[in-house]
Structure formats: structure tokens, C-alpha cells
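Chain naming here is simple, since letters A, B, ... match the order of the sequence lines and numbering starts at 1 in each.
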Protein chains: 2
Amino acid sequence: MADQLPRKTSRIQQRNRRRILDAALDVFSAHGFRGATLDQIAEQAGLSKPNILYYFDGKEEIHVTLLSQLMETWLDPLIALDPAGEPLTEILAYVQRKLDMSRDLPRESRLFANEILQGAPRMDPHLRADLKPLFDDRCAVIRAWMDAGQLAQVDPRHLIFSIWATTQHYADFQAQIEVLLEGEEPIDAASQFLQTMFRNLLTPGQRTAPA
Amino acid sequence: MADQLPRKTSRIQQRNRRRILDAALDVFSAHGFRGATLDQIAEQAGLSKPNILYYFDGKEEIHVTLLSQLMETWLDPLIALDPAGEPLTEILAYVQRKLDMSRDLPRESRLFANEILQGAPRMDPHLRADLKPLFDDRCAVIRAWMDAGQLAQVDPRHLIFSIWATTQHYADFQAQIEVLLEGEEPIDAASQFLQTMFRNLLTPGQRTAPA
DNA sequence: CGTGTTTTTGACCATTTGGTAAATCCACGA
DNA sequence: TCGTGGATTTACCAAATGGTCAAAAACACG
């Protein structure tokens, strides 16, 4: 039968690799690549530094592994945007998914933001190979919807940018938001605001008068 | 007459301090605080490392100086929002100012983003002391406009967040945008998109039908 | 020019940090 | 029970890095 190659990854190996990646996500997302130290990751993971190096070839490899996994997670919501669905519903659902991710995966969002902020030194190939084609495809889908009169005409590329910017903001700038909202949980109000904003932007034709 | 205290800052001192801060802005905004090294800053400034330490007490002080200056620059556009002006015009002008800043001061934007991303360890007091009161005040102004029926009713806090997010995105995520737009200059199209988006969001009552 | 002051530098230091090597531990099947 | 291979640790290292210091150089100015 298949899967006969010598023990791929033992139980303990899987557990420890996952631990390390989780700890590294904590540390990298909080301090950036250069600001993170192996000692911090080791402590957070509850392992010794050399033990970490037993599972990964080095700091760089941990980071790269994290970024690779992240890329998938990051593309998922955009992939889920269904060209056959109702246009406005699809886009608003996409906004909601992205907003939920900011609430549920803030570390991932900040890891990504850190990487892009510094010029995407390690992620640039991924962006070109994975994100760019999907982005182009989704732009074409949205443009088709607009040409069919199902959505108001705006630049689809900047529409997507604005969705990314507004949703990820709640994870990436959390420190600032906490100060300004005095700790109040922002996601519910943000959701309502963003749904309104993008519905108003994208609804073609007349708008119903306010009460 | 006043200003008699012994030589405050010589010509050369001013020049070198400015050089250092400019170089430090380059390096800090590109690599974050911990990722930046004094050697990099020194090289970029065209000075020796000990000479840098002659003008500043240390890496930390350079960073703090930069952040202090940045805070003023950052608040300016929001301060310029005139409570006596025409509401929609004022807000759209604010959006444009912020967008122009992303184009003209991307390093400052990224320095700020880096600091907030890492939890605002050094800027938190500034945020509470300077940004928070201004934010609250401007929220009140906008809310008053809305209550007077001059703007559509939305949460002013999230409105401001969305303006920050969408405009700063073009500086902070420049690396990603360059990949996706294949180097095309984004600011003009972004301006048109954002003006449309916020006008549609904030215009009270009916919207004119499309052509 | 001479002298006191500011600026600059070369040599150095202590700590941090990513990484290595070898010894040790330990789970588990024969 | 013992051997064996994977897992873990202890002790290190070399490079990078923030920072110091005393001396040299440059400069201001009477």
C-alpha cells in the first residue's frame, strides 16, 4: 500500500513542529522578522533553542514556512468569491469573511502586514505566483458584473484594495484602535459600517431615501 | 535680548542632526526599530557610528525623536478639518490630504505603521495624549453634521478608521500594490475611487441615477 | 597665529544572537 | 532487559551590534 516510506513524521515531531510554528507566529507577528529572536520563540514554545534548530534549519526557514502556510489562508476568502453568485451578496460576504479573519487571526494579519511593510522580501515570489493571478481573475469577474449593470462602475482593483485595507486595519492597527475606542470591541460596529459603505458604493442606480 | 544662552545649535549641528534623522527615517521605516542598525543609519547618513552617538544618546533616542516629529505631521490633516466648513467637502478634502501624504511621505507612513503594528510600545502615550482628544473632538464634529442631516448617519469612528485604512494602505502595502498593478502609479485612480466611495457613503438622501 | 572648543575618528568592549557539536536521554521493539 | 535511533540538552562559538573613550582633527575667533 502507499505511504510506506520510512516513518515520515512521528507523533512527537508533528506536535513539536506545530508548537514551534505557533510560538513563532506569536513572536514574528509581534516583533517582525529581525526583531524576533530564536530564544523568544524557544521560550514561547517551551523548548530549548537547539531543540528548535533540530526541527527547523534556522530562523529563516521557520519564517518562510509560516509565510507559505499564511498565503493559503490569505487567499481562501477571495477564492471563495463565487462568480456564479449574486454580485452584491458575494462582495459583502467577502468583506465579512475578511473582517472575521481580522478578529480571529490577528497574528496572521500582522505577520503578513510586517512582511509587506518591509517590502515583501520573502513573499514577493508568492505574491507574483499565487496572489497576482487570482487578483486578476477576481478583478475580471467583478468587472463583468459591473459591465452587466449588476454593480456600480468603480475600479475593481481599488475596490479590492479598499476591502483589504479596511478589514485588515482592525487587526494591524489594533493597538491604536484600542486606545481610541477605549477597549470597546470594534468588530460588530465595523461590520455594520463596512456593509453599509460597500453596499452604498456598489448598489447600481437609485438609493432609497432615508427615513 | 532673549536667546542669549550659549550657542544653542551650530549650523553644522543642525545639518548633521537633520541628516541623521533623515537616514534613520529611511532605515527604521524599511526595517522596523529592531531591524534597523546604527551602522546602517550611519552609512546612510554618511557619518561614522560614533559620530551619530555624538548627536544622539542612542538608537532609542533617534527613534523617539522621529516618532515625536511624526505625530505632528500625522495630526495636521485631521486638525485642518474645519468644523465651520461644508461637511462633505471637508471630509473629502481630508481623504485627499491623507492620500497625498501616502504618496509624498511613504516613509513616515511606514514608520507609523511599524510602530503601531508592534503594539505602539513607544507611541502609546502620544496616542493617548495627542491623538485621542483630537479624535474624540473630530468624531463629535462629524456626529453633529450627521445629526443636522448634512451627512448620512454612520459611525464617525469607523468612518475615520476607514479613511486612515484606505489611504495609508497605498504607502504601507506599496510592495504588494506594485506587484498587483505592475508598477502603475495608483494614486490618481485611488483618489477617484475613494472620492466616489466616501461621497456615496456620506451623501444624505437620494443619489442621482447613473447615465 | 594661538588657543580653547566643537566635531570626528579609530580602537575597543560587552552583550546578544543565530547557529553548532557532542554528549545524554529516552521510548520502544526484539 | 538491552540495544538503537530519534529527541533533547549542555557547553560553546563567531558574528553582529549598541555603545564607550581618549585622542586627533577641524574649527572659531581674538
Decide yes or no for B/Phe173 and B/Gln168: does some side-chain heavy atom of the first lie under 4.5 Å from some side-chain heavy atom of the second?
no

Partners passing side-chain contact (heavy atoms from CB on, under 4.5 Å) against B/Gln195 (at least two apart in sequence or in another chain):
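Checked B/Gln195 against side-chain contact (heavy atoms from CB on, under 4.5 Å); matches are B/Leu92, B/Val95, B/Gln96, B/Ser191, B/Arg199.
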
Going 5' to 3' through nucleotides 9-28 of chain D, assign each nucleotide B (protein heavy atom under 4.0 Å from a base atom), S (under 4.0 Å only from sugar-phosphate atoms) or - (no protein heavy atom that close).
BBB-----SBBBB-------

Measure CD/A/Glu61 against C1'/C/dG19 and give the value in whole Å, please.
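So the CD-C1' distance, A/Glu61 to C/dG19, works out to 14 Å.
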
In whole angstrom, what separates A/Ile62's CD1 from C/dG19's C1'?
12 Å

What is the ring orientation for B/Phe161 with A/Tyr170, classed by angle as parallel under 30°, tilted 30 to 60°, or perpendicular over 60°?
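Ring orientation, 0 to 90° scale: perpendicular.
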
Look at the aromatic rings of B/Phe33 and B/His63 and report parallel, tilted or perpendicular, splitting at 30° and 60°.
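If you compare the ring of B/Phe33 with that of B/His63, the planes turn out tilted.
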
Does OP1 or OP2 of C/dT6 have a side-chain N or O of B/Gln13 closer than 4.0 Å?
no

Closer than 4.0 angstrom, basic N to acidic O: yes or no for A/Arg110 and A/Asp172?
no

Assess whether a salt bridge exists between B/Arg18 and B/Asp22, defined as any Lys/Arg side-chain N lying under 4.0 Å from an Asp/Glu carboxylate O.
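Between B/Asp22 and B/Arg18 there is no salt bridge, as every charged N stays at least 4.0 Å from the carboxylate O atoms.
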
About how many Å separate CD of A/Gln118 and CG of B/Asn114, when rounded to the nearest 0.5 Å?
5.5 Å

How is B/Tyr55 classified with respect to the nucleic acid when contacts are heavy atoms under 4.0 Å: base, sugar-phosphate, or nothing?
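If one applies the 4.0 Å heavy-atom cut-off, B/Tyr55 turns out to touch the sugar-phosphate alone, with no base involved.
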
Strand contacts (DNA chain D) in residues 16-27 of chain A, 4.0 angstrom heavy-atom criterion:
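Heavy-atom contacts with DNA chain D come from A/Asn16.
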
